[in-house]
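Order of appearance sets the numbers: ligands from 1, and atoms from 1 within every ligand. What you are looking at is a predicted structure, and each value in this text was computed from that prediction instead of being measured.
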Amino acid sequence: MVFSNETRKQTIHQLKHTELDLLIVGGGITGAGVAIQAAASGIKTGLIEMQDFAEGTSSRSTKLVHGGIRYLKSFDVGVVADTVKERAVVQGIAPHIPRPFPMLLPIYQESGSTFDMFSVKIAMDLYDRLAGVEGSQYANYTVTKDEVLQREPQLSADNLQGGGVYLDFVNNDARLVIENIKEADELGGLMASHVKAVGMLHNDAGQVVGLHVKDLLDDTEFDIHAKLVINTTGPWADKFNALDDHEKHAPTLRPTKGVHLVVDGSRLPVPQPTYMDTGLNDGRMFFVVPREGKTYFGTTDTDYTGDYEHPRVEQEDVDYLLKVVNKRFPESHMTIDDIEASWAGLRPLINDNGSSDYNGGGANSGKVSDDSFAALIEVVNAYEDDQATRADVERAISKLETAHAEAGLSPSQVSRGSSLDQATDGLITLSGGKITDYRKMAAGALALIRRILVDRFNVDAPAVDSKKLQVSGGHFDPTNVEETMAFYIRIGVDAGLSEKEAQDLANRFGSNTSRVLTYAVDGPAPGLSLKETMSLRYSLNEEMTLTPVDYLLRRTNALLFHAETLAELKQPVVDEMAQTLGWDDSVKAQQLAALNAAIADSQLAYLKTAPAPVHPE
Ligand code: FAD
């Protein structure tokens with residue numbers, strides 16, 4: 001498989017000269033999920049993305065595939081039931097990406113607390129039941145205050161009651177996108193980054209028949225013709241729909257900004273992802289997640305109207321998150337100077353969905369009523385007092401599930417918090433949702449697309465089972481992840497890597513690891529380790545890496561979690577890319593400058609730089 005700058009030219013040629021069945025606008029997780037399923041169904045599929053793949057929200061999430069969090073906060077039984085099922089599906093189709101990592105939930109007794117030790121246990125038991133992990137190694141348990149403090153000695157002991165531990169998964173958002181895109185390409189889809197939709201094409205009957213687009217790498221403009229166009233532009237969905245001069249689309253989104261900050265692991269040592277109330281009595285909870293020797297924490301949630309392509313971390317975001325961290329980890333004395341990297345993303349929230357928190361309930365999320373929940377608590381209380389049996393508790397729980405199942409989803413919802421619509425001029429919009437639900441959202445859209453293709457265009461695309469459609473790198477038995485990884489680590493070591501280096505590559509590339517290792521043949525590039533050379537060359541040739549930032553931020557996450565390696569990596573990465581992509585000295589200088597700017601932004605140089613002292617004359 002080759003998916004590179006070279007193939008991009010051919011792809012653009014084909015996009016210009018083919019009438020597609022389906023043109024997808026937006027190469028985040030939503031568009032990537034639609035692309036893989038459409039291409040697998042034999043639908044003639046094209047996808048355009050105006051930035052790098054995943055450069056929008058889909059590389060800027062909390063990087064969790066969480067099941068219990070929303071429920072645990074709002075007792076949103078239906079959401080958990082759906083999410084944990086879907087999480088298992090995503091783990092099955094991309095087994096090298098989401099990984100189980102139990103979450104610690106410290107419980108504080110204070111005004112505005114989300115849980116006490118009693119309600120958290122009920123919530124976690126119900127969660128385990130929905131996730132089907134009762135009695136397994138991932139079953140929940142509670143820990144005492146001392147045990148919580150043993151795990152996280154910097155945590156504030158004031159009002160700490162204890163904690164709960166339950167199964168959650170960590171994710172690599174940007175890599176999940178690129179692996180879907182690569183597979184869609186392999187299946188015959190035409191995937192092009194840095195191509196922006198700038199206008200809509202309509203036929204005489206007023207139906208959308210394609211897009212006028214601009215190749216942002218050479219500033220040329222051209223038309224792409226398609227029977228159907230789907231808008232998967234996430235937070236940009238309303239902006240894209242505003243290009244439609246035949247139909248007025250009511251705005252549907254209310255994007256909010258969420259920020260995460262990264263510090264060295266030694267500054268905030270946590271052995272596992274941790275989730276707790278902020279302690280500021282503001283109804284919010286926050287995450288602290290260990291990753292690759294660092295710890296990141298977040299997030300904020302503020303309405304956003306600025307530049308969608310470059311949402312920035314502002315001083316007030318830093319102030320809020322430092323306040324929260326210093327409240328909960330007072331011994332850390334965290335300051336802005338500790339921050340090694342950061343990111344900000346825009347949630348594509350549907351206006352009427354009510355939920356601005358991926359971990360809390362939404363107005364149309366099938367929330368269990370207070371009455372139902374109170375009834376459950378009553379039975380559990382009776383059980384604790386030996387006045388009710390375990391069977392009574394189980395019956396009460398299943399009543400909650402039934403109550404939810406009857407509520408169902410509104411027809412326009414393919415997944416909670418998402419919406420699928422078709423305008424009268426034929427334009428389809430799929431927006432909202434979250435990464436965890438992407439496969440399901442895409443499956444809903446595909447059902448609509450296949451129906452329209454057969455009814456209106458006599459194109460009969462077969463249905464595929466998207467639950468079994470493995471992404472690139474995920475072609476192995478998902479029930480055997482550890483053994484498969486051990487195999488790829490072994491062949492990495494045989495190719496001359498250390499155990500740790502081989503492990504990094506296997507975790508990043510899954511079943512493509514053997515392809516990656518073939519790039520060892522010419523030995524290491526000047527200034528780069530053998531591992532980095534193989535990873536970079538593979539990524540340039542097979543993952544549409546076009547800039548150093550694509551590589552260091554989204555194909556790997558060096559820019560976020562390995563800031564200390566960047567000084568050494570920068571120049572050799574640019575040099576090696578220049579070799580492959582034929583850059584002259586001026587392009588090299590531009591690319592290095594863009595990389596330096598991205599690093600400075602991520603490290604918050606614009607906030608850390610102290611104002612020049614004022615010297616009175
Ligand atoms: P995007 O990823 O933004 O993709 C849309 C793409 O469209 C962009 O890349 C953009 O460049 C492109 N585009 C726009 N206009 C045009 C045009 N005219 N032409 C061509 N291309 C165009 N979800 C989870 O499951 N787990 C989490 O832990 C989680 N945490 C989150 C934390 C935060 C702070 C945020 C902001 C979100 C979080 N989410 C989480 C939600 C999740 O990240 C988003 O729902 C998801 O990434 C949205 O994907 P998308 O493809 O719809 O949008």
Side-chain angles (χ1 to χ4, degrees), residues 23-35 47-67 69-70 83 86-87 90 98 168-174 176-177 180-181 192-200 211-216 224 229-243 253 255-260 273 275 286-287 289 296 298-302 304 308-311 313 317 343-350 355-359 415 417-419 429-439 441-442 445 554:
L23 176 55
I24 302 161
V25 198
I29 194 64
T30 309
V34 174
L47 179 147
I48 55 165
E49 162 55 55
M50 68 179 176
Q51 311 182 81
D52 180 26
F53 299 115
E55 194 168 343
T57 301
S58 298
S59 55
R60 300 157 184 265
S61 77
T62 305
K63 306 183 196 298
L64 296 170
V65 188
H66 36 219
I69 310 305
R70 294 184 71 174
T83 307
E86 199 49 33
R87 182 174 70 188
V90 175
D168 217 345
F169 279 61
V170 288
N171 188 23
N172 188 326
D173 47 12
L176 189 61
V177 175
N180 273 277
I181 294 278
S193 56
H194 302 280
V195 174
K196 180 176 183 174
V198 291
M200 277 185 214
L211 295 172
H212 186 62
V213 305
K214 184 169 184 175
D215 181 345
L216 299 178
I224 305 177
V229 175
I230 182 164
N231 169 2
T232 56
T233 59
W236 287 261
D238 291 336
K239 288 181 192 273
F240 173 78
N241 283 342
L243 295 176
L253 293 179
T256 69
K257 186 178 77 171
V259 162
H260 293 85
Y275 182 52
F286 78 112
F287 293 97
V289 183
Y296 65 90
T299 173
T300 58
D301 189 9
T302 47
Y304 189 78
Y308 280 26
E309 275 166 67
H310 306 104
V313 178
D317 303 319
W343 68 93
L346 302 180
R347 299 174 178 84
L349 295 175
I350 309 279
S355 171
S356 63
D357 185 346
Y358 287 97
N359 320 302
S415 171
S418 71
S419 99
T429 301
L430 176 64
S431 60
K434 56 189 190 324
I435 293 173
T436 315
D437 290 339
Y438 86 96
R439 194 274 329 160
M441 287 167 63
R554 286 173 292 273

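The only option from D301, T300, T302, D317 that meets the side chain to side chain donor-acceptor pair (under 3.5 Å) definition with K257 turns out to be D317.
The shortest N/O to N/O separation between G432 and ligand 1 does not fall below 3.5 Å. For T57, a nitrogen or oxygen atom sits less than 3.5 Å from a nitrogen or oxygen atom of ligand 1, counting backbone and side chain alike. An N or O contact shorter than 3.5 Å links I29 to ligand 1 by distance. Every N/O-N/O distance between T256 and ligand 1 stays at or above 3.5 Å. Between V259 and ligand 1, no N or O atom pair is found at a separation short of 3.5 Å. Polar contact with ligand 1: present for Q51 (N/O pair, distance under 3.5 Å).
R347 is listed as a side-chain neighbour of T299, based on a closest heavy-atom distance under 4.5 Å. Contact check for E55 versus S193: no side-chain heavy atoms found under the 4.5 Å cut-off. Contact of the I350 side chain with the L253 side chain is registered, since non-hydrogen atoms from C-beta on lie closer than 4.5 Å. Between F240 and M50, the closest side-chain pair of non-hydrogen atoms is not below 4.5 Å.
In this pair, H260 and Y296 present their aromatic rings perpendicular. The plane angle is above 60°, beyond the 30 to 60° band. The aromatic rings of W236 and Y308 sit perpendicular to each other, their planes meeting at more than 60°, with 30° as the lower class boundary.
Applying the 4.0 Å criterion to heavy atoms of L346 picks out, from ligand 1, the atoms 36 (C). Close approach to G345 involves these atoms of ligand 1, each under 4.0 Å from a residue heavy atom: 36 (C). Atoms of ligand 1 lying under 4.0 Å from any heavy atom of T436, numbered from 1 in the order shown and given with element: 24 (C), 25 (O). Near T232, meaning under 4.0 Å from any of its heavy atoms, are these atoms of ligand 1: 5 (C). Residue-ligand proximity, T62 to ligand 1, at heavy-atom distances under 4.0 Å covers atoms 28 (O), 29 (C), 30 (N), 31 (C), 32 (C). Interface of G433 with ligand 1, defined as ligand atoms under 4.0 Å from a residue heavy atom, comprises 45 (O). Each of the following atoms of ligand 1 lies closer than 4.0 Å to a heavy atom of V195: 20 (C). Close contacts between ligand 1 and G258 involve ligand atoms 34 (C) [criterion: under 4.0 Å to a heavy atom].
Partners of R439 under the side-chain hydrogen bond (donor to acceptor under 3.5 Å, both in side chains) rule, at least two apart in sequence or in another chain, are E86, S466.
Residue-level proximity to ligand 1 for K239 is absent, since no heavy atom of it falls below 4.0 angstrom.
Ion pairing of D168 with R87 is present here, as a side-chain N (NZ or NE/NH1/NH2) and a carboxylate O approach within less than 4.0 Å.
Of all heavy-atom pairs between V90 and T436, the closest is CG2-O, 3.7 Å.
For atom 49 (O) of ligand 1, the candidate residues are A192, S58, G33; the nearest heavy-atom contact is made by S58. In the candidate list G417, P348, G234, P348 is nearest to atom 48 (C) of ligand 1, counting heavy atoms. The residue among M50, K434, E49 with a heavy atom at the shortest distance from atom 16 (C) of ligand 1 is M50. Comparing G199, G31, S61, G28 by heavy-atom distance to atom 40 (C) of ligand 1, the nearest is S61.
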Evaluate the criterion side chain to side chain contact (heavy atoms under 4.5 Å, CB included) for residue pair V177 and Y438; output intermediate values, then yes/no.
-> CA-CA 10 Å; V177 175; Y438 86 96; over 6 Å; no
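To the nearest 0.5 Å, the span separating OG1 on T233 from NZ on K239 amounts to 10.5 Å.
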